[in-house]
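All ligand and atom numbering here is 1-based and tracks the order in the structure.
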Amino acid sequence: MDRRTFLHAGALSLAAARPGIRGLAQPPMLAARASSPDGPLALPSRSQLTWQRDELAMFLHFGVNTFTDREWGDGKEDPAIFNPARLDARQWARTAKAAGFRALILTAKHHDGFCLWPTTTTRHSVAASPFRGGQGDVVREFVDACAAEGLRAGLYLSPWDRNHPTYGDSPAYNDVYATQLTELLTRYGTISEVWFDGANGEGPNGRRQVYDWPRVWGLVRRLQPDAVIFSDAGPDVRWCGNERGVAGEPNWSPVDPAIVRFPGQSDDAVGPALQHGNPTGSVWRPAEVDVSIRPGWFYHPAQDGAVRTEDNLVQLYFTSVGRNAKLLLNVPPTRDGLLHDTDAARLVGLHRRLETMRASIIPLTRLSWRRTGDRTAVGEWSLGSAAAPRVVRLGEDIARGQRVARYTLEGKTAQGWQPIGSGTTIGHCWLERIESVAPIRQVRLRIEDALAPPEPVSIELFRMG
Ligand code: FUL
């Protein structure tokens, strides 16, 4: 039942991939773009663009596990244990906003089946708990807090439900699940991301539940057309393939929908596809990196000393946002219903470090950008005065698809041009650290391979990282 951790599968061979894209049969869903001069490049939707440009989202695992000190509840928990006496969703949202996060996702229901909103589908919910005298609704407080802080709200509704008596009776539970989803997507205003994991078990009847994903995704499309849907298999946003906080290198946003077909699927082709995407993929499905600030997803007092350090969080930013993915960082509320001081302080630290880096930007003037072939280009920029950059941020205009497959970076020192970096994909954002370089006056980016004629790439150099 646990998520598989996929090993870094190494760089994809573009030599193998390129003939593929040229010979790619036109999938029906791209037919509308048949006349595009870009050929069969997958493109993001408006919602996917907004999602990716947010860069940072906060995950909140909260529920009966918070009170039992477990990671996976068995569904037999007494709702009476759920009593976050000082719950303040505004504190969650304020903390997130102050740290530069733009969206939050709450576990409306985890595998234990306990619902954080008063649902008509079960008595196993906040309505049966002492929270706010049984009149409480954590989902409501959460979405209101996000709205008050100008942040996007998302919800995680676990399909695996270890409490509901219908689980395992597939048609009956699928109706229950659809009702729960409908409640969440119709009562609380705009929901920007709906998060599904693929955990799947047997019900009390000993039968394995068969989920109806087309129905679930169709419901989200109908009720919240602007929401992005996350799961291993998208359809809008894919899992990055591990919970270590590391997106693949290379990392393509397009994927081949024939490889990852449903959430929770596990076979040998799935891991590399989640980590790296597929350069020849026909659908746009960027990677989300979900990882916790603590060892567990839920709050455990014993882990108060094991919160990720500021350095570690900066590193996570580099291996997620800095690898063309989005970071979904889990910060679990305590039994009081508040984010822990240590976690909040580390987030402030992360924000300060990223702001310091951004403030150390080195002004650049573009001297030239020209295509040197069908799939190659070169750009040159001049630095106002000689400087030794520590970090480079590259970015493609992904509204026009992801194109770059291999690049090198050179800096002009007093001794002439020197290599200072190289890589594979770029996408929305690619961050690289530049180790000990003599001061440079100019920088040159060579696109050495691409899936389509390269568009101008943006570049930023920072003195600090
Ligand atoms: C997984 C779950 O089993 C974990 O408990 C956690 O919620 C993680 C984000 O997704 O599928």
Measure from NZ or CZ of Arg358 to the centre of the six-membered ring of Phe462 and say whether it is under 6.0 Å with the direction within 45° of the ring axis. no
Between Lys326 and Glu55, does any side-chain N to carboxylate O distance fall below 4.0 Å? no
Atom indices of ligand 1, in the order listed, that fall short of 4.0 Å to a heavy atom of His61: 6 (C), 7 (O), 9 (C)
His111 heavy atoms, cut-off 4.0 Å: which ligand 1 atoms fall inside? 2 (C), 3 (O)
Between Phe67 and Phe62, what is the ring plane arrangement, given parallel below 30°, perpendicular above 60°, and tilted in between? tilted
Below 4.0 Å from any atom of ligand 1, is there a heavy atom belonging to Tyr156?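 So Tyr156 counts as touching ligand 1.
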Contact between Trp72 and ligand 1, counting heavy atoms under 4.0 Å?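 Yes, that is the case, since the closest heavy atom of the residue is under 4.0 Å from the ligand.
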Test item: side-chain donor near acceptor, Ser158 and His111, under 3.5 Å: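 Per modelled atom types, Ser158 and His111 side chains form a pair under 3.5 Å.
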Please state which part of Asp290 comes within less than 4.0 Å of ligand 1, counting heavy atoms only: side chain, backbone, both or neither.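 Only the side chain of Asp290 comes within reach of ligand 1.
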Below a 4.0 angstrom heavy-atom separation, can you tell me which part of Trp195, side chain or backbone, both or neither, approaches ligand 1?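 Side chain only.
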If the test is side-chain contact (heavy atoms from CB on, under 4.5 Å), which one of Asp69, Asn65, Thr334, Thr66 qualifies with His300? Asp69
For the 3.5 Å polar cut-off, considering only N or O atoms, please tell me whether Glu71 and ligand 1 meet it.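 Between Glu71 and ligand 1 (N or O atoms, distance only) the closest approach is not under 3.5 Å.
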What side chain to side chain donor-acceptor pair (under 3.5 Å) pairs are there with at least one residue in residues 122-131, not counting sequence neighbours?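 Qualifying pairs: none.
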